[in-house]
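All of these numbers come straight from a predicted model, not from anything done at the bench.
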Amino acid sequence: MSIKAVFFRDCPWCGVKHAAMSPMWSRMAVRDANNNQRSWVAMACPRCGGLITVEVQVTSFHHLSDNQPIPDELDGYEVRAVPELDRKQYQINHLPEDVARFFSDAIVVMEAGVPDAAAVQLRRTLEAAAAHKGASKKTLVQSVEQMMADGLVTRDFRDVLTHVRKLGNIGAHASDEKLTATEVDRALSFTTQFLRNVFEVPGELELLVAESASDEAANATAEV
């Protein structure tokens, strides 16, 4: 998505919703001690004047130098914001990078008041998730069926994912049918639960098993 999308957001200071933030400054690259590049934009809330800094990952090819501002027309995605909104309900551990990026983009454009675009990003989230679980097929319908056959999702979740897929189709095509914030917000909740079941729960279980094995090894060493 375009970098300019990050300027449409809720304010973490005063709570105003879907505001067009006022650009303050941006920089293509800030280098750390190891010469790694980080790109930042800063903006202010037009209501309360609170300053928000957002780290972005620019994905468009460019020839800009480090100290140049980031053009709005470049593509990229949000990495983090300071201060952050309270998004604890959407915090999911152990997500693959591309799944996390699509999911984060869905939240950002949803908060910007564009439910159609959010629905498309949720569909992409499901496609990426299916690929990481070895269920990448020609269509998302087939991928969902494969995940069910593999025991990754239940029949109820299949119906939920089908609903999210259909909303994504509507959002992606030009038509008179427009999605409401309420129905896409519900799809966001469904997707969140799906990602927790498929990535977070197995990931936490793997950590638990690894910790138990480490404790057993340490106890065995101590007994020798």
Ion pair check, Glu127 and Arg123, cut-off under 4.0 Å: yes
Has the side chain of His163 got a donor or acceptor atom that lies under 3.5 Å from a matching backbone atom of Asp159? no
Side chains of Thr191 and Phe103: closer than 4.5 Å at any heavy-atom pair? yes
Electrostatic pair Glu73-Lys4, nearest N-O below 4.0 angstrom: no
Is any side-chain heavy atom of Arg27 less than 4.5 Å from a side-chain heavy atom of Ile70? no
Carboxylate-amine/guanidinium proximity below 4.0 Å for Lys178 and Asp116: no
Hydrophobic clustering (ILVMFWY, side-chain heavy atoms < 4.5 Å, transitive) - are Val120 and Leu122 grouped together? no
Using the six-membered ring wherever Trp is involved, compare the ring planes of Phe157 and Phe194 and label them parallel, tilted or perpendicular (cut-offs 30° and 60°). tilted
Under the side chain to side chain donor-acceptor pair (under 3.5 Å) rule, what do Ser65 and Asn67 come out as? Steps first, then yes or no, please. CA-CA 6 Å; Ser65 61; Asn67 61 353; 2.9 Å; yes
From Leu161 atom CG to Glu145 atom CD, the distance as rounded to the nearest 0.5 Å: 10.0 Å
Is it the case that over 12 heavy atoms from other parts of the model lie below 6.0 angstrom from the NZ atom of Lys166? no
Given side chain to side chain donor-acceptor pair (under 3.5 Å), test Gln146 with Ser143 step by step and report yes or no. CA-CA 5 Å; Gln146 185 63 56; Ser143 296; over 6 Å; no
Are Arg124 and Gln121 linked by a side-chain donor-acceptor pair shorter than 3.5 Å? yes
Answer yes or no: does atom CZ of Arg31 have more than 12 heavy-atom neighbours from other residues, nucleotides or ligands under 6.0 Å? yes
Hey, is CH2 on Trp13 packed in by over 12 heavy atoms from elsewhere, all under 6.0 Å? no
